[in-house]
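Here is the structure we will look at.
Order of listing sets the numbers, starting from 1, for every ligand and every atom in it.
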Amino acid sequence: MWEEDGQAGMSRGWDREIGRPGSRTMASQQTSPRPDELEFGGPLGTAAMLLLLPVVLFHLLLTCHSGPCSLLSLPSELPPVSAFWSPWALLLLLLWLGLQATLYLLPMGKVSEGMMLKDKSHLQYPINGFWCLGLTALLVGLGLVGGLPLGSLSELLLPLASAATVTAFILSLFLYLKSFTVPPSALAPGGNSGNIIYDFFLGRELNPRFGSFDLKYFCELRPGMIGWALINLALLLREAEHREGWPSLAMGLVNAFQLLYVVDALWNEEAVLTTMDIIHDGFGFMLAFGDLAWVPFIYSLQAQFLLNHPQSLELPVAGAICLLFAIGYFIFRGSNTQKNTFRRDPSDPSVAGLETIPTATGKRLLVSGWWGMVRHPNYLGDLIMALAWSLPCGVTHLLPYFYIVYFTILLVHREDRDERQCLQKYGLAWREYCARVPYRIVPYVY
Ligand code: NDP
């Protein structure tokens, strides 16, 4: 089903083609990263991020709900501490996690095999995220018909974000402690440096599980992503109540674009099994906080902004924004599908005619089609979509553009991490690819 195992291929490619001491062969056998392999600024950088990420989250939430909504100044008046915490919000979050976990366990959809692990085994993953989204939508729809006041969720965002942050910290602590009960072969290549803070942040164990329940895979696309769409819907409903029944065009566009993004991610859920998050990164605070707190509350900032700072949008402008989104989606989906199809079955007629570079691992690298244009066309598409769903918020405030600034930094950094890993895996073949496709994300720019 899969071409060749990433880990095994990794060692052979690097060893044969470059053969330096301390090569990936040794790295994949050793259980901890070398000091020069530490990421995110090592222990100091990750300690700073442990503090800064929650601070930024709450700063943005408070700013978005303040009158001036100025990203660069502190809100003039801080709400009382009680505004940050509500047992009801915690209960709601736990019910939400419980609902998504129950749906995850339902025998719907197919079961797929993940990439080969260090011990040569494969894990099984339920590909039922799209069904879970459908069932959640059905439950929410029935609730709305029955009078569920979903719009009220928009008043609970602050305590919900606190509950999600606390949950992410507790989960990460649990994951950190649990990782000491598993064999070294179950550890992630990067998250076991021996430094408590660094490992707590990066995550020590690669695939923490309870039986067949995979905690990282569960959190990756379900509670946070579906939660993001739900929060957006609540904000739209609240806005519609303010506007005598109809949401604004701007709010409608933001909701539609972001819902399409979430639906697309869950429809193509199997593709997540080949991403860096699943095959390389451990499950620690970085992913737990990102999935449970950052995604639902930061990614919904545009809709939160529109509820508090209504914007009017002319139809021709809305049309141009839709066109921009369609271009971004076309690049994003086209490039991701092309690579996934190629990795699964290089003889598939849709990719069989593309030019490729052989590597010593047996895998080939695409050097024409989307992947011959830039080295990360999927990131380019993603960034264009991010711009398109920020534009309905107008150009009077910076806050709705926080996402695209943050996302650019994330993707540039992620691209750099991926390139280093690809160089280790493919050695000279990767260098040849870089020479033939010189731009990383934006043609002729970067
Ligand atoms: P990619 O899907 O881009 O995968 C990178 C891998 O693709 C490489 O490690 C390599 O793996 C393979 N590859 C690279 N170049 C080639 C080539 N020329 N030919 C064939 N294979 C190649 O990585 P991500 O997991 O970072 O991104 C997946 C999607 O998720 C993207 O669209 C991204 O924009 C999106 N994303 C969204 C986020 C969000 O918060 N909204 C956050 C992060 C990502 P190998 O050779 O081993 O197969």
Side-chain angles (χ1 to χ4, degrees), residues 2-14 24 115-116 220-221 224-225 228 257-258 261-262 264-265 268-281 286-287 289-291 294-296 298-300 328-344 346 351 354-386 389 403-404 406-427 429-430 432-437 439-441:
W2 302 98
E3 256 202 290
E4 194 186 333
D5 143 47
Q7 305 286 347
M10 197 187 273
S11 52
R12 280 192 282 135
W14 178 242
R24 205 65 203 167
M115 300 290 278
M116 196 193 287
E220 186 78 6
L221 290 185
M225 290 279 272
W228 170 23
F257 293 159
Q258 297 186 350
Y261 191 77
V262 172
D264 178 90
N268 295 288
E269 189 179 26
E270 204 168 1
V272 90
L273 298 181
T274 57
T275 61
M276 213 193 284
D277 290 3
I278 298 292
I279 61 178
H280 181 266
D281 292 334
M286 178 176 77
L287 288 179
F289 179 77
D291 293 340
W294 192 264
V295 167
I298 293 289
Y299 287 25
S300 62
Y329 183 74
F330 181 65
I331 300 174
F332 168 83
R333 182 52 29 231
S335 54
N336 274 322
T337 302
Q338 192 169 71
K339 177 171 67 73
N340 289 333
T341 308
F342 181 71
R343 277 288 172 253
R344 287 188 166 276
V351 292
L354 293 173
E355 200 185 339
T356 59
I357 299 177
T359 77
T361 67
K363 277 184 176 180
R364 303 177 78 82
L365 291 167
L366 288 166
V367 74
S368 66
W370 288 112
W371 297 80
M373 203 172 74
V374 283
R375 301 207 290 271
H376 263 100
N378 48 354
Y379 290 0
L380 175 65
D382 222 335
L383 285 169
I384 295 174
M385 288 191 291
W389 71 51
Y403 175 75
I404 189 162
Y406 138 81
F407 201 42
T408 304
I409 297 169
L410 179 141
L411 290 182
V412 165
H413 180 250
R414 195 176 171 94
E415 198 272 343
D416 187 57
R417 289 178 77 205
D418 189 49
E419 293 248 335
R420 274 185 277 130
Q421 285 166 25
C422 285
L423 182 63
Q424 286 182 330
K425 274 187 271 187
Y426 302 126
W430 185 257
E432 185 188 336
Y433 176 54
C434 293
R436 292 193 50 185
V437 184
Y439 293 99
R440 292 164 185 256
I441 300 179

Would you indicate which of Thr274, Asp277, Ile357, Leu410 comes nearest to atom 42 (C) of ligand 1 when only heavy atoms are counted? Leu410
Between Trp228, Phe407, Trp371, Tyr426, which one has a non-hydrogen atom sitting closest to atom 15 (N) of ligand 1? Trp371
Would you check if the distance from the ring center of Trp294 to the ring center of Tyr406 is below 6.0 Å? yes
Between Phe332 and ligand 1, does any nitrogen or oxygen pair lie at a separation below 3.5 Å? no
Fit a plane to each ring of Phe332 and Tyr329, take the angle between them on a 0 to 90° scale, and name the class: parallel (under 30°), tilted (30 to 60°) or perpendicular (over 60°). tilted
Atoms of ligand 1 under 4.0 Å from any heavy atom of Thr275, numbered from 1 in the order shown, are 25 (O)
Numbered atoms and elements of ligand 1 in range of Lys339, under 4.0 angstrom, heavy atoms: 1 (P), 2 (O), 4 (O), 7 (O), 12 (C), 13 (N), 21 (N), 22 (C)
Checking the N or O distance criterion of under 3.5 Å, is ligand 1 in contact with Arg364? no
Any chance you could lay out the salt bridge (charged side-chain N to carboxylate O under 4.0 Å, His left out) test for Asp418 and Arg414, step after step, and finish with the verdict? CA-CA 6 Å; Asp418 189 49; Arg414 195 176 171 94; over 6 Å; no
For ligand 1 and Tyr406, I'd like to know whether there is a polar contact (N/O to N/O, distance under 3.5 Å). no
Just to be sure I read this right, does ligand 1 sit under 4.0 Å from the backbone of Arg343, its side chain, both, or neither, counting only heavy atoms? side chain
Heavy-atom contact check, 4.0 Å cutoff: does Gln421 meet ligand 1? no
Which word best sums up how the rings of Trp389 and Tyr261 line up, parallel for under 30°, tilted for 30 to 60°, or perpendicular for over 60°? perpendicular
